Each structure stands twice: as C-alpha cells, then as structure tokens.
S.K.: 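Handing you this structure, nothing more for now.
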2 protein chains.
Amino acid sequence: MPDAEGHPFVEDMELGAIFAALADPLRRRVVQILACEAQDDTRLCNSFGLPVSKATRTHHFRILREAGLIRQTDLGNGRSNRLRREELEARFPGLIALVLAGGEAAVAPLCVSASAEPDTR
Amino acid sequence: MPDAEGHPFVEDMELGAIFAALADPLRRRVVQILACEAQDDTRLCNSFGLPVSKATRTHHFRILREAGLIRQTDLGNGRSNRLRREELEARFPGLIALVLAGGEAAVAPLCVSASAEPDTR
DNA sequence: ATCCAGGTATGATGTAAATCGTACCTCTGG
DNA sequence: CCAGAGGTACGATTTACATCATACCTGGAT
C-alpha cells in the first residue's frame with residue numbers, strides 16, 4: 001500500500017490512523033502549522049519548535065507520514081514536509097478545517113514564525 | 001469541568017481527547033451507529049454488538065463520555081447513550097460527517113440492527 | 001424476597017506508544 | 001577533505017491503554 005517512502009495512497013488512508021496521529025498534541029501542532037500556512041508550504045522537520053529530541057521528532061513525523069497527513073521528500077540532508085492538502089480534502093473533507101478549529105495545540109505561537117531553534121534537548 | 005456524571009461542557013471539549021476517543025475502531029463504531037441513526041437516538045451500552053467483555057465496554061463508553069462525544073443517562077439498571085450531536089456540531093463542525101465518511105469501522109453491519117446479543121465473551 | 005440483566009469498580013496483565021541516548025548516514029560549506 | 005547540520009535506525013525505558021475476571025450495585029420481573 002505505501003510507496004517506497006512510506007506514503008499511503010489516498011484510497012488507503014485510514015481514519016483510525018489519522019485520528020491516532022492527530023490525537024497527539026505535537027503532531028496536531030505540526031499539521032496546524034502546515035495547514036494555516038499558504039499553499040504547498042514546505043518546511044524542515046526541525047522548524048516546528050517541537051520540544052523533543054531529534055529521535056522523537058523523527059518518530060512523530062513518521063506517524064504523520066504513514067497516516068497520510070504529510071508528504072516528505074528526502075533532500076539528502078534535511079527533509080521537506082508538505083501537507084497533503086488536496087488529497088486529504090478529497091478523502092476526508094473538513095478534516096483540515098477541523099484540526100484548525102481545535103485551537104492551538106498548546107506549545108507555541110503557531111502560525112507565526114516557529115523558528116528553527118538549535119537542537120536544545 | 002465535567003458535570004457530576006462526567007460530561008464535559010461544550011467549551012471544555014478538547015480535540016485531543018476527541019481524536020483519541022475516535023482512534024479506537026470500537027468507539028468509532030459506536031459513534032457511527034449513533035450518528036447514522038435518526039435524531040436523538042438512545043440505546044443501551046450492550047446494543048452495539050461490541051466484541052468485548054462488559055468491563056471493557058464500560059471502559060470504552062467512559063472514554064466516549066469524557067471526551068464529550070456521548071451523553072449518558074443512568075437508568076439505575078441500564079444506561080442510555082445519546083450522541084451529543086448539536087453540541088459537537090457547534091464546537092467541531094464537520095466532525096460527525098467525518099466519522100461517517102470514514103466508512104464502517106469494521107466490526108458488523110452498522111446502521112442496520114446491531115441487536116443486543118447475550119453477553120457472550 | 002429473589003433473581004437476573006445491565007453497568008460500574010478494582011485489580012492484573014499484555015501490548016503499544018512516547019521518550020531518550022547513541023551510533024550512523026547524507027549532503028553543504030569552509 | 002573535514003566538520004557540522006538535518007535525519008534515521010536501533011535499543012532501552014517508562015508510561016499509557018485495551019483487555020479480562022471478579023466482586024459488587026441497582027431496578028424490574030417473577
């Protein structure tokens with residue numbers, strides 16, 4: 001079902017996995033940030049200000065990717081993250097709006113610059 | 001925040017708890033059944049055909065109640081369950097439609113009679 | 001009064017999830 | 001070429017969750 005990089009096809013996305021992914025405040029925050037940015041925004045994993053270690057960050061992005069919420073592109077160094085907006089809207093209309101409606105997933109400013117801080121922690 | 005029976009107020013509902021509750025296929029099924037029935041449908045906990053023990057069933061209904069998805073009324077014996085449809089729609093518009101859009105949470109017929117079977121298991 | 005059906009409460013148990021440290025890989029910039 | 005930044009992989013730990021069995025409570029039917 002998933003492609004080589006672990007992205008499920010739209011028709012294989014599961015609501016259970018989506019909900020499980022969005023149940024975590026950190027992951028929900030990532031989606032919120034991507035969702036409230038302009039079209040096709042692309043950012044690196046470390047640019048979300050997640051208060052966890054690198055290893056844990058990778059873990060969270062994997063969950064998001066495997067649920068189908070984001071599409072990741074390997075740049076060798078760095079990895080770009082993009083919300084799968086249209087696909088999600090087609091398969092689960094209203095999902096993204098809902099995540100946005102949930103209010104800040106309490107961690108930081110959000111739409112404003114979640115600047116990439118050094119790898120503290 | 002919650003009232004005496006453990007129901008959160010609309011304004012206290014949290015998207016995280018909602019998503020966590022709906023991540024489980026059994027609980028999602030309960031919500032689907034309630035959602036696709038007519039207005040203000042009320043059913044007992046054992047009428048959903050959940051393939052788990054009584055204790056586990058109680059557990060799942062507690063999660064649903066504390067997330068704000070259902071409202072339970074104690075009847076002494078038995079306990080009626082009702083989807084908090086309008087309140088949910090006001091707070092998280094599109095949520096219910098989304099759960100329905102997710103397709104059958106693979107367990108049984110669904111909208112058709114999930115008849116109350118004897119307490120096997 | 002009894003019994004039973006529907007639920008809750010309380011542990012116990014097994015599995016899954018979040019977290020981290022460390023080691024490693026891949027590009028880019030001196 | 002070497003150092004460093006961005007990530008992944010692996011193993012360990014700790015916590016949360018789904019599950020059950022058992023004991024108990026409440027109201028309706030017999």
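Values in this document were obtained by computation on a predicted structure and should not be read as measured data. Below, chain A is the first sequence line, B the second, and so on; all start at residue 1.
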S.K.: Would you please name every residue forming a side chain to side chain contact (heavy atoms under 4.5 Å, CB included) with A:E86, sequence neighbours left out?
M.R.: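 Result, side chain to side chain contact (heavy atoms under 4.5 Å, CB included) vs A:E86: A:Q39.
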S.K.: Taking only N and O in the side chain of A:S53, is any of them less than 4.0 Å away from OP1 or OP2 of C:dC20?
M.R.: yes
S.K.: For A:Q72 and D:dG7, give me the distance from atom CD to atom P, rounded to whole Å.
M.R.: 9 Å
S.K.: Nearest to the side chain of A:R79, which nucleotide is it out of C:dC20, D:dA21, D:dG7?
M.R.: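 Selected nucleotide (nearest to the side chain): D:dG7.
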S.K.: Is the phosphate of C:dA17, meaning OP1 or OP2, less than 4.0 Å from a side-chain N or O of A:H60?
M.R.: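 A:H60 to C:dA17 OP1/OP2: no side-chain N or O under 4.0 Å.
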S.K.: Are A:F61 and A:V52 joined in one hydrophobic group, where the rule is that I, L, V, M, F, W and Y side chains link up if heavy atoms are under 4.5 Å apart?
M.R.: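 A:F61 clusters together with A:V52.
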S.K.: Any side-chain heavy atom of B:V30 sitting closer than 4.5 Å to one from B:R43?
M.R.: no
S.K.: So do B:P8 and B:E14 actually touch side chain to side chain, heavy atoms under 4.5 Å?
M.R.: no
S.K.: Starting from P on D:dC17, measure out to CG on B:L22 and report it in whole angstrom.
M.R.: 15 Å
S.K.: What does nucleotides 24-30 of chain D look like as a protein-contact string, B for base, S for sugar-phosphate only, - for none, at under 4.0 angstrom between heavy atoms?
M.R.: --BS---
S.K.: Whole Å only: how far is the CZ atom of B:F61 from the P atom of C:dA9?
M.R.: 15 Å
S.K.: In whole Å, I'd like the distance from the CD atom of A:E66 to the P atom of D:dT8.
M.R.: 11 Å
S.K.: Between atom CG in A:D24 and atom P in D:dC17, what is the gap in whole Å?
M.R.: 11 Å
S.K.: When the distance from CD1 of B:I63 to P of C:dA9 is rounded to whole Å, what number comes out?
M.R.: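 Whole-Å distance recorded here is 13 Å.
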S.K.: Locate the shortest heavy-atom distance separating A:D41 from A:R82; write the atom from each residue and the value.
M.R.: O-CG, 3.5 Å
S.K.: Considering only side-chain heavy atoms of B:A55, which listed nucleotide, C:dA9, D:dC10, C:dA18, is closest?
M.R.: C:dA9
S.K.: Taking the side chain as everything from C-beta on, heavy atoms only, tell me whether B:D24 gets closer than 4.5 Å to B:I63.
M.R.: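 Counting from C-beta outward, B:D24 and B:I63 never come under 4.5 Å.
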S.K.: Whole-Å distance between C:dT28 P and A:D74 CG?
M.R.: 11 Å
S.K.: The side chain of A:H59 lies closest to which of these nucleotides: C:dG7, C:dT19, D:dT19?
M.R.: C:dT19
S.K.: State which of D:dC20, C:dG7, D:dT8 makes the closest approach to the side chain of B:T56.
M.R.: D:dC20
S.K.: List the atom pairs, donor and acceptor, that lie under 3.5 Å between side-chain atoms in residues 89-101 of chain B and the rest of the protein, sequence neighbours left out.
M.R.:
{"residue": "B:E89", "atom": "OE2", "partner": "B:G94", "partner atom": "N", "Å": "3.0"}
{"residue": "B:R91", "atom": "NE", "partner": "B:V10", "partner atom": "O", "Å": "3.0"}
{"residue": "B:R91", "atom": "NH2", "partner": "B:M13", "partner atom": "O", "Å": "2.9"}

S.K.: Starting from C1' on D:dG6, measure out to CG on A:L50 and report it in whole angstrom.
M.R.: 14 Å
S.K.: Pick the nucleotide of DNA chain C nearest each of A:G78 and A:R27; which residue has the one closer to the 5' end?
M.R.: A:R27
S.K.: Using a cut-off of less than 4.0 Å, is there contact between a side-chain N or O of B:R57 and OP1 or OP2 of D:dT19?
M.R.: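 No, B:R57 has no side-chain N/O under 4.0 Å of OP1/OP2 on D:dT19.
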